[in-house]
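Here is the structure we will look at.
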Amino acid sequence: MAGLVLTGVAALIHLYIFLLESVWWRSRARAVFGTTPEQAEQTAEMAFNQGFYNLFLALGIAIGTVLVALDERTVGLTLVLFAAASMVAAGLVLVLSSPAKARPALIQLSPPLVGGVLLVASLL
């Protein structure tokens with residue numbers, strides 16, 4: 001249960017990132033990312049696309065969790081673990097490519113990492 005709760009937190013974080021990148025990029029997200037109006041305009045198309053990646057990962061965890069609740073454990077856990085592993089990998093890419101962004105990378109990768117480890121441990 002704790003693993004599903006933590007991966008659920010990860011899904012909520014990625015839903016928030018989706019909103020920042022795909023809905024609020026030219027407004028509220030500017031303060032979060034420290035961009036100027038010009039930078040936000042120049043990168044809006046890229047951010048919009050990237051935001052949807054985050055949404056799809058969040059949906060993978062949400063759908064997988066519902067499937068686990070419906071006693072479809074194999075498919076559900078597969079979806080949850082795949083989405084969580086993708087979130088962890090994306091966080092690692094962020095910190096390795098931009099070490100100054102270690103804090104947001106840790107926020108992005110810690111809940112799915114711990115949740116995924118707990119889920120795998122529950123299978124053993």
Side-chain angles (χ1 to χ4, degrees):
M1 182 59 94
L4 287 175
V5 169
L6 284 170
T7 55
V9 168
L12 291 174
I13 290 168
H14 282 74
L15 178 61
Y16 175 68
I17 295 169
F18 159 73
L19 291 170
L20 284 172
E21 294 175 341
S22 296
V23 178
W24 302 325
W25 187 251
R26 291 179 179 98
S27 59
R28 193 177 315 191
R30 286 190 32 248
V32 173
F33 291 99
T35 58
T36 65
E38 295 79 21
Q39 290 169 322
E41 193 58 43
Q42 291 170 349
T43 57
E45 186 176 312
M46 177 202 60
F48 184 76
N49 184 290
Q50 187 170 311
F52 274 88
Y53 280 95
N54 287 288
L55 175 63
F56 299 145
L57 292 174
L59 287 173
I61 287 178
I63 292 168
T65 301
V66 168
L67 289 171
V68 169
L70 295 173
D71 208 28
E72 294 291 338
R73 286 185 55 85
T74 301
V75 175
L77 289 174
T78 300
L79 274 172
V80 170
L81 289 170
F82 177 78
S86 296
M87 291 173 177
V88 171
L92 290 172
V93 169
L94 178 59
V95 75
L96 293 173
S97 65
S98 301
K101 295 184 176 140
R103 183 177 181 277
L106 286 173
I107 291 169
Q108 177 179 342
L109 72 82
S110 295
L113 175 62
V114 176
V117 167
L118 290 173
L119 287 173
V120 169
S122 75
L123 297 173
L124 301 177

What's the spacing between [X] [atom1] and [Y] [atom2] if we round to 0.5 Å?
{"X": "Ile107", "Y": "Ile17", "atom1": "CD1", "atom2": "CD1", "result": "8.5 Å"}
{"X": "Leu57", "Y": "Phe18", "atom1": "CG", "atom2": "CZ", "result": "12.5 Å"}
{"X": "Leu81", "Y": "Ile61", "atom1": "CG", "atom2": "CD1", "result": "9.0 Å"}
{"X": "Leu55", "Y": "Leu15", "atom1": "CG", "atom2": "CG", "result": "6.5 Å"}
{"X": "Met87", "Y": "Leu113", "atom1": "CE", "atom2": "CG", "result": "12.5 Å"}
{"X": "Leu79", "Y": "Thr74", "atom1": "CG", "atom2": "OG1", "result": "11.5 Å"}

Same cluster or not: [X] versus [Y], using hydrophobic residues (I, L, V, M, F, W, Y) connected whenever any side-chain heavy atoms lie under 4.5 Å apart?
{"X": "Leu123", "Y": "Val68", "answer": "yes"}
{"X": "Leu77", "Y": "Val120", "answer": "yes"}
{"X": "Val23", "Y": "Phe56", "answer": "yes"}

Minimum side-chain heavy-atom gap [X]-[Y] below 4.5 Å:
{"X": "Phe33", "Y": "Thr43", "result": "no"}
{"X": "His14", "Y": "Gln108", "result": "yes"}
{"X": "Leu106", "Y": "Val95", "result": "no"}

For [X] versus [Y], what's the shortest heavy-atom pair and its separation?
{"X": "Gly91", "Y": "Leu109", "answer": "C-CD2, 3.6 Å"}
{"X": "Val80", "Y": "Leu119", "answer": "CG1-CD1, 3.5 Å"}
{"X": "Ser22", "Y": "Ala47", "answer": "OG-O, 3.9 Å"}
{"X": "Gln39", "Y": "Gly34", "answer": "OE1-O, 4.1 Å"}
{"X": "Ala40", "Y": "Arg26", "answer": "CB-CA, 4.3 Å"}
{"X": "Ala10", "Y": "Pro112", "answer": "CB-CD, 3.5 Å"}

message: Treating Asn54 as the side-chain partner and Gln50 as the backbone partner, does any N or O pair qualify as donor plus acceptor under 3.5 Å?
response: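 Yes, the answer is positive, given that a donor and an acceptor are paired below the 3.5 Å cut-off.
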query: For Leu67, does its backbone N or O pair with a side-chain atom of Glu72 as donor and acceptor, under 3.5 Å?
result: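 Answer holds: no.
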task: Apply side-chain contact (heavy atoms from CB on, under 4.5 Å) to Ile13 and Val9, showing your working.
output: CA-CA 6 Å; Ile13 290 168; Val9 168; 4.1 Å; yes
message: Hydrogens and angles aside, do Thr35 and Trp25 bring a side-chain donor and acceptor to less than 3.5 Å of each other?
response: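 Per modelled atom types, Thr35 and Trp25 side chains form no pair under 3.5 Å.
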query: Under the side-chain contact (heavy atoms from CB on, under 4.5 Å) criterion, do Tyr16 and Leu12 qualify, and how do the steps go?
result: CA-CA 6 Å; Tyr16 175 68; Leu12 291 174; over 6 Å; no
